[in-house]
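Residue numbers start at 1 and run along the sequence shown.
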Amino acid sequence: MATRKGREGEMLESVYSVIALVFVLVACVELCDAATVVDVYRLIQYDLAGVPFGSRLANLNHHAASGFAPAADLSRTVVIVPVRDINITFIGDYITQKQPLGGLLFLLPRMISSENRDDMGRGDQTFEEKLMRNMLGELEQLLIHASIPYPVYFAFEDDNIDDVLTDIKRNDATSQPATATTGGYKLVVSAPEPKKIVSPTITNIQGWLPGLKVDGDANQLPTIAIVASYDTFGAAPALSVGSDSNGSGVVALLEIARLFSLLYSNPKTRGRYNLLFGLTSGGPYNYNGTHKWLRSFDQRLRESIDYAICLNSIGSWDNELWIHVSKPPENAYIKQMFEGFAEVAEELGLKVGLKHKKINISNPRVAWEHEQFSRLRVTAATLSELSVAPELLERTGGLSDSRHFLNEAAIIRSIKLVAESLARHIYGHEGKNIQIFADDSSLAVNPSYIQSWLHLLSRTPRVAPFCSKNDPFILALKKELADHTVEVNVQHEVLDGMFTFYDSTKARLNIYQVASVTFDLLLLLVLGSYLIVLFSFLVITTRGLDDLISLFRRPPSRKLKTA
């Protein structure tokens, strides 16, 4: 009896060991399934006047493919598209025709990543790089003006995802796209359902440098305003750093404030003009922040503004800048301002052109920031490398606006142009070849200061609806302006207009290598057969063949047992 119980115990221990071994094998298989994990950035989701645009979903759980196979059902497939190999026309037609698709993953070139430090701000671009920048711009405009009913994500090329894409292409070449039957790679993004951003805020920051008032002079000093909008908009909010638009304008404003703070710190060199510095938000949305900022001025301050110069996209030009105005070129104030800039530009070996564009009061569209001043009858102009006003949500600091394409030398020249022109106007040196901010003087432009701020701006997304009132970047701007000016004020307002934004802009993408159902069934069959054979062997060796046969023998019926 004891011997029999011992044998049964040995058999049970053997069975338990086999089961434990099976669980260990399954666990190992599951752990080895994950191929890689990467950061991904979701296509913006927003409504314009109630009309949906951008990507409308965030969750992703589909197999991957490397192309759009003709006549194939891609409703549960994520297509991975390297931007360098993209066919814009085909993608545009596919999206416009509302073709079914599980999702899109665009692979961006490494050179536009903020982590890539090679050749940053060098200015010169190869022909291929120019093509890439134009391609990114076209792709962005296509995506932000379309309503896409599936998830769309961006990721940067790296060795891991390149290896995965190579494997996917190899599998697709065999005409066996990845499915639950054939196996392959699966892309999974677990993200909460996007929610509307309620009452998005915009923040304006204002700094003041008071001019020198002569004793007994009761008249208010005239004011010159230097303004730059700092926020951005793009296809991927988490990647919209806007190095040129309008990071270059922000950097120029801060450096100009630093230079004039040195002059105004000494009463002997302080000019008889007040200087007003404004960092405004809501630029991509008809300069909504600038509108609210100006409306907060009292009548006396608004009337004291001699003119305002707005800085926009001044970091990627080669030889010519443009001054955009709303008043006719024959206007005395416009003529004086332009002649002052043109004179300094000629001395610096630059070209400055004048562009006049009338304002249509009945049209709510504001093409340039200075138009918000002009609508209040304040003389203003915008200095930009762009000769024509961009369309709504165009050239607002998106995917193609990275530091890789920025020209730091162009920004330095722009700063010299603005600073010298302002100084000659303030100190009455028009027509005189006097360099107040000479390169070898204590008032020279500081390239290190410019580079440090460009570095920060080129790594900081600044899409206004996703920036809180106490965003670290906004606090950094406030502190920097406070270091060079006095009476720094911060204005928080609710973004007006027809825009509604949704959250969920960044996620983690898990890429799994999954086996086919056929493989799973075969593995199950092999394991089942193995367990049956092992169980039979253990029963035979411990209890005998008769006991094994009795397990499969039909028990006697109730009638036979009664009889």
Side-chain angles (χ1 to χ4, degrees), residues 202-215 217-231 246 249-283 287 289-312 337 369-370 372-373 376 378-383 415 418-427 436-437 443 449 453 469 473-493:
I202 51 178
T203 302
N204 300 317
I205 308 170
Q206 169 188 309
W208 186 264
L209 273 180
L212 183 64
K213 209 168 186 180
V214 178
D215 294 339
D217 188 356
N219 295 323
Q220 185 175 2
L221 290 178
T223 301
I224 295 177
I226 301 95
V227 187
S229 179
Y230 65 83
D231 61 334
N246 189 29
V250 172
V251 171
L253 182 144
L254 293 176
E255 175 64 355
I256 292 169
R258 187 190 70 83
L259 293 173
F260 276 96
S261 69
L262 297 175
L263 281 173
Y264 275 52
S265 62
N266 187 344
K268 295 182 179 179
T269 56
R270 187 183 304 172
R272 296 196 62 196
Y273 276 83
N274 299 319
L275 294 180
L276 177 63
F277 296 92
L279 290 167
T280 60
S281 183
Y287 296 98
T290 309
H291 171 76
K292 292 179 179 294
W293 181 52
L294 292 175
R295 292 289 180 182
S296 69
F297 290 178
D298 59 43
Q299 188 66 23
R300 289 186 62 198
L301 174 57
R302 200 179 300 156
E303 291 177 353
S304 74
I305 298 177
D306 197 14
Y307 68 84
I309 182 72
C310 304
L311 308 175
N312 183 292
M337 181 178 59
E369 188 167 16
H370 76 266
Q372 291 289 15
F373 288 84
L376 296 176
V378 177
T379 302
T382 294
L383 181 70
I415 292 172
V418 177
E420 288 288 352
S421 301
L422 292 178
R424 292 189 186 185
H425 181 74
I426 291 171
Y427 297 104
I436 297 176
F437 304 102
L443 295 174
Y449 180 83
W453 271 99
K469 295 179 180 179
F473 176 75
I474 293 176
L475 296 178
L477 285 180
K478 176 186 175 183
K479 180 182 181 302
E480 191 63 27
L481 205 56
D483 288 343
H484 306 309
T485 63
V486 298
E487 300 179 31
V488 174
N489 296 319
V490 177
Q491 178 190 27
H492 300 294
E493 296 284 350

>> Once side chain to side chain donor-acceptor pair (under 3.5 Å) is applied, do any residues pair with Thr280, and if so which ones, sequence neighbours excluded?
In response: Thr290, Glu369
>> Looking at Asn312 and Gly249, would you say the former's side chain and the latter's main chain have a donor-acceptor pair under 3.5 Å?
In response: no
> Mind checking what makes ring pair (Phe, Tyr, Trp, His ring centres under 6.0 Å) contact with Phe260, not counting sequence neighbours?
Replying inline: Phe437
> Hey, which of Lys478, His492, Glu493, Gln491 is the one that makes side-chain hydrogen bond (donor to acceptor under 3.5 Å, both in side chains) with Thr203?
Replying inline: His492
> Taking only residues two or more places apart in sequence, or in another chain, which ones meet Thr485 in a side chain to side chain donor-acceptor pair (under 3.5 Å)?
Replying inline: none
>> Could you work out, with side chain to side chain contact (heavy atoms under 4.5 Å, CB included) as the rule, every residue matching Thr379, not counting sequence neighbours?
In response: Tyr307, Lys327, Tyr333, Ile334
> Once the angle between the rings of Phe473 and Tyr230 is folded into 0 to 90°, is it parallel (under 30°), tilted (30 to 60°) or perpendicular (over 60°)?
Replying inline: tilted
>> Please determine whether side chain to side chain contact (heavy atoms under 4.5 Å, CB included) holds for the pair Tyr273 and Leu422, giving the CA-CA distance in whole Å, both sets of side-chain angles, and the decisive distance to 0.1 Å.
In response: CA-CA 10 Å; Tyr273 276 83; Leu422 292 178; over 6 Å; no
> Is Thr223 close to Trp208 at the side-chain level, that is, under 4.5 Å between some pair of heavy atoms?
Replying inline: yes
> Run the side chain to side chain contact (heavy atoms under 4.5 Å, CB included) check on Leu254 and Leu477 step by step: do they pass?
Replying inline: CA-CA 9 Å; Leu254 293 176; Leu477 285 180; 4.3 Å; yes
>> Run the side chain to side chain contact (heavy atoms under 4.5 Å, CB included) test against Ala381 and tell me which residues pass, sequence neighbours left out.
In response: Ile309, Ile323, Val325, Met337
> Does Glu480 have any side chain to side chain donor-acceptor pair (under 3.5 Å) partners at least two apart in sequence or in another chain, and if so, which?
Replying inline: Tyr449, His484
> Can you check whether Phe297's main-chain N or O pairs, donor with acceptor, with Arg302's side chain at less than 3.5 Å?
Replying inline: yes
>> I need the full list of side chain to side chain donor-acceptor pair (under 3.5 Å) pairs touching residues 256-266, with sequence neighbours left out, sorted by first then second residue.
In response: Glu255-Arg258
>> Measuring from atom CD1 of Ile226 to atom CD1 of Ile256, what distance do you get when rounded to the nearest 0.5 angstrom?
In response: 6.5 Å
> With Glu487, which residues qualify under side chain to side chain donor-acceptor pair (under 3.5 Å), at least two apart?
Replying inline: none
> Taking only residues two or more places apart in sequence or in another chain, which ones pass side chain to side chain contact (heavy atoms under 4.5 Å, CB included) with Arg295?
Replying inline: His291, Leu376
>> Has Asp306 got a side-chain atom pairing as donor or acceptor with Pro222's backbone, closer than 3.5 angstrom?
In response: no
>> Whether the side chain of Tyr427 engages the backbone of Thr269 through a donor-acceptor N/O pair (distance < 3.5 Å, no angle test) should be reported.
In response: yes
> In chain order, what residues pass the salt bridge (charged side-chain N to carboxylate O under 4.0 Å, His left out) check against Lys292, with sequence neighbours excluded?
Replying inline: Asp496
>> Applying side chain to side chain contact (heavy atoms under 4.5 Å, CB included) to Leu263 and Ile436, what does each step give before you reach the verdict?
In response: CA-CA 10 Å; Leu263 281 173; Ile436 297 176; 4.2 Å; yes
> Of all residues at least two apart in sequence or in a different chain, which pass the salt bridge (charged side-chain N to carboxylate O under 4.0 Å, His left out) check with Lys469?
Replying inline: none
>> For Ala252 versus Leu311, what's the shortest heavy-atom pair and its separation?
In response: CB-CD1, 3.9 Å
>> Minimum heavy-atom separation for Ala308 and Ile305, please, with both atom names.
In response: N-CG2, 4.2 Å
>> Minimum heavy-atom separation for Leu259 and Ala419, please, with both atom names.
In response: CD1-CB, 4.3 Å
> Of all heavy-atom pairs between Leu209 and Ala257, which one has the smallest distance, and what is that distance?
Replying inline: CD1-O, 4.4 Å
>> Could you walk me through whether Cys310 and Tyr287 satisfy the side chain to side chain contact (heavy atoms under 4.5 Å, CB included) test, starting with their C-alpha distance in whole Å, then the side-chain angles of each, then the deciding distance to 0.1 Å, before giving a yes or no?
In response: CA-CA 12 Å; Cys310 304; Tyr287 296 98; over 6 Å; no
> Where is the tightest heavy-atom contact between Asn274 and Leu221, given as atom of each residue plus distance?
Replying inline: ND2-O, 3.5 Å
> Looking only at heavy atoms, which two atoms of Ala228 and Asn246 are closest? And how far apart?
Replying inline: CB-ND2, 3.9 Å
>> Between Asp231 (side chain only) and Gly283 (backbone N and O only), is there a donor and an acceptor less than 3.5 Å apart?
In response: yes
